[in-house]
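One structure is given below, encoded as structure tokens.
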Amino acid sequence: MEIENPTPLQWRFSERAQKLQSSAIREILKITMRPEIISFAGGLPSPATFPVERLKVAFDKVLSDQGKVALQYGPTDGYGPLREWVANSLSTDGAKINANQVMMTSGSQQGLDLLGKVLIDEGSKVLVETPSYLGALQAFSLYGPEFVSVPSDDGGLMPETVATLGQGARMLYALPNFQNPTGRTLSVERRQALVNICAQLGLPLIEDDPYGALSYRAEPLPKMLSMNPGGVIYMGSFSKILTPGIRLGYVVAPRALIEKMEQAKQATDLHTSQLTQMVVYETIKDGFLDQHIPTIRKLYSDQCDAMLDALQTYFPSGVSWTRPEGGMFIWVTLPKHIDSTKLLAEAVEQHVAFVPGGPFYGNTPEQHTLRLSFVTVPPAKIREGIEKLGKLIASKI
């Protein structure tokens, strides 16, 4: 039946919804779908690293042997054997991690959202690096924090500044390994200093570590979790070492926090896909990652070297960049008069894309910065794209 003279719907969005903004990276990715674009924009793992056949076998086995369990509702905190695997992989001689400290999440992005829900009130002080991961800033912003930017230098976050800045804060968020967006790595000395200062303040320290396994030239540095399991919240992900399409991450934290996050997750999605968790466990339980991760490291190392060589060849003087020892990103600092957002528009006309640096700052953005990702672009295209970008930058100096 037709309703006569219906009143147009009046969308009265909540204050929280009105604060939402689209991700700068996600918007740029719409451009990079064009086949002619050489994209250094997305933080996407290379599809060449996805173990498609291994996962196919695991799906078949799980569905054949345990299909009714895999397709049923599961526990909120996650599939028990996979949580045990995570706990064992993170345990050290001095820091034993128990499975009841592990909660599986629908990607590490959900972990960030749940941490925001249970730790942040309107106006809460939250310490972040300068610059910091855009996805974390987005997730936390929804809960109305006051971001406090912790100074950084070429060695990453400067721990000594936290003693003052951290007074009264709810948490400190950091990516110590091959940081997104800069590619920087915290030294062992800075890690220990940061852990000690946070412990003295009673300040929860979030160690987000999606890239830690992707070290090019050496074994990964010790995790801050191992230095103080009672004060560090560790976040991991299978997106960079298996595939992001499975949307599987995890949070490791003291039991009191895990219980509260579990309650929040129950209200969000009940539980992460049982099927996905069982398939991942089947894939990795026999040591597959020990053989698989070195192939990712080699591919990314070669492409990182290709980009560093191209930057050295084609970028003009007055431009500087980081030299990561792992991960997926290089951070570029331009002369201060060049706005990277405006530069992007011109670069796209030249069929090259990157991410402007401004959105990665919790407070005052530095618009003369940008992020480059090299892992999905073959070396010849890296060289072509960097040459075009270098000429464009040189025309503005």
Side-chain angles (χ1 to χ4, degrees), residues 89-97 125-133 136 147-237 240 251-254 293 297 300-301 304 308 320-331 333 360-362 366 369 371:
S89 72
L90 293 173
S91 292
T92 63
D93 290 341
K96 169 67 176 174
I97 305 299
K125 282 177 61 176
V126 172
L127 274 59
V128 295
E129 297 168 287
T130 308
S132 187
Y133 171 48
F147 286 124
V148 177
S149 296
V150 179
S152 302
D153 59 16
D154 288 342
L157 179 150
M158 299 166 67
E160 64 273 15
T161 64
V162 174
T164 301
L165 295 175
Q167 297 288 341
R170 289 290 177 90
M171 61 188 190
L172 187 157
Y173 172 76
L175 294 94
N177 292 313
F178 324 124
Q179 191 232 26
N180 183 357
T182 66
R184 296 167 179 156
T185 299
L186 276 186
S187 66
V188 175
E189 293 75 19
R190 287 198 179 190
R191 291 170 195 239
Q192 189 64 67
L194 184 60
V195 167
N196 291 346
I197 292 168
C198 287
Q200 292 165 6
L201 293 173
L203 177 63
L205 170 57
I206 298 175
E207 179 181 15
D208 194 357
D209 192 25
Y211 313 104
L214 304 181
S215 175
Y216 302 154
R217 298 174 179 87
E219 287 302 310
L221 296 177
K223 302 182 190 308
M224 293 187 289
L225 175 69
S226 68
M227 300 174 181
N228 183 19
V232 174
I233 302 160
Y234 182 85
M235 300 183 63
S237 172
K240 309 303 186 293
V251 178
V252 180
I293 289 175
R297 291 174 174 172
Y300 290 3
S301 176
C304 180
L308 289 172
S320 61
W321 53 87
T322 57
R323 291 167 173 79
E325 298 178 351
M328 301 166 56
F329 305 109
I330 292 173
W331 185 247
T333 302
F360 293 97
Y361 290 84
E366 296 185 7
T369 57
R371 191 193 75 177

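One-based numbering along the sequence shown.
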> What distance separates Asn228 CG from Glu207 CD, expressed to the nearest 0.5 Å?
Replying inline: 11.0 Å
> For Phe360 and Thr182, what are the C-alpha separation, side-chain angles and deciding distance, and is it a side chain to side chain contact (heavy atoms under 4.5 Å, CB included)?
Replying inline: CA-CA 10 Å; Phe360 293 97; Thr182 66; over 6 Å; no
>> Once rounded to the nearest 0.5 Å, what's the spacing between atom CE of Met171 and atom CG of Leu203?
In response: 9.5 Å
> For Asp153, does the CG atom have more than 12 heavy-atom neighbours from other residues, nucleotides or ligands under 6.0 Å away?
Replying inline: yes
> Given the rule in the side chain to side chain contact (heavy atoms under 4.5 Å, CB included) test, do Thr185 and Arg191 qualify, once you have shown the distances and angles that lead to the verdict?
Replying inline: CA-CA 10 Å; Thr185 299; Arg191 291 170 195 239; 3.5 Å; yes
>> Which heavy atom of Ser152 sits nearest to which heavy atom of Leu157, and what is that distance?
In response: OG-CA, 3.6 Å
>> Tyr234 and side chain to side chain contact (heavy atoms under 4.5 Å, CB included): which single residue from Asp208, Asp209, Leu205, Ile97 fits?
In response: Asp209
>> Under the criterion side chain to side chain contact (heavy atoms under 4.5 Å, CB included), I'd like the reasoning laid out for Phe178 against Met328: C-alpha separation, chi angles, the key distance, then a yes or no.
In response: CA-CA 8 Å; Phe178 324 124; Met328 301 166 56; over 6 Å; no
> At what distance, to the nearest 0.5 angstrom, does CD1 of Ile233 lie from CE of Met224?
Replying inline: 11.0 Å
> If you count the non-hydrogen atoms of other residues, nucleotides and ligands that lie under 6.0 Å from CD in Gln192, is the total more than 12?
Replying inline: yes
> Which pair of heavy atoms, one from Gly155 and one from Leu186, lies closest together, and at what distance?
Replying inline: O-CD2, 3.5 Å
> Arg184 and Asn177: side-chain donor and acceptor closer than 3.5 Å?
Replying inline: no
> Hey, would you say the Phe147 and Tyr361 ring centroids sit under 6.0 Å apart?
Replying inline: no
>> Nearest 0.5 Å, please: how far is CG in Leu214 from CD1 in Ile293?
In response: 7.0 Å
>> Just by distance, no angles: are the side chains of Thr369 and Glu366 close enough, under 3.5 Å, to form a donor-acceptor pair?
In response: no
>> Once rounded to the nearest 0.5 Å, what's the spacing between atom SG of Cys304 and atom CZ of Phe329?
In response: 11.5 Å
>> Quick check for you: to the nearest 0.5 Å, what is the distance between Ser132 atom OG and Asn180 atom CG?
In response: 8.5 Å
> Do Arg170 and Lys125 pass the side chain to side chain contact (heavy atoms under 4.5 Å, CB included) test, and can you show the C-alpha distance, the side-chain angles, and the key distance before you say yes or no?
Replying inline: CA-CA 6 Å; Arg170 289 290 177 90; Lys125 282 177 61 176; over 6 Å; no
